[in-house]
Amino acid sequence: MSEKIIFEDYIKQLQKDSFKIYSLMESERTRGKKVKRKPRDPEETFVLFLLDYKRWQRALETGAISEIAPRRYRLDWMKNF
């Protein structure tokens, strides 16, 4: 049994679907441009850097991260850092 297709309804549905796809593609392409936030305070940036540096040093000391070559590291998932 064949179903009758109303051409105008079919075209309208295609246009809706096409617009959804276009919107998704456009949002993916311009993802970083839509979100605006104020810049981070320089003191906060420095403190976060120091905290990250301390965490990295602690991971190296405990063996959670081991250096295998210059600029190459291995992470041991079983150790806490």
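By the salt bridge (Lys or Arg N to Asp or Glu O under 4.0 Å) test, D52 is found to be paired with R55, residues two or more places apart in sequence or in another chain being considered. Under the side chain to side chain donor-acceptor pair (under 3.5 Å) criterion, Q13 pairs with D17, sequence neighbours left out.
Residue pairs satisfying the salt bridge (charged side-chain N to carboxylate O under 4.0 Å, His left out) criterion with at least one member in residues 39-48, sequence neighbours excluded, are listed as follows: R40-E44. Among residue pairs with one or both ends in residues 52-74, those qualifying as ring-ring contact (aromatic ring centres under 6.0 Å, His included) are W56-Y73; sequence neighbours excluded.
Other cluster members for F46: F49, L50, joined by side-chain heavy-atom distances under 4.5 Å among Ile, Leu, Val, Met, Phe, Trp and Tyr.
At most 12 heavy atoms of other shown residues, nucleotides or ligands fall within 6.0 angstrom of atom CD1 in I6.
Closest of all the heavy-atom pairs between L75 and I65 is CD1-CG1, 3.7 Å.
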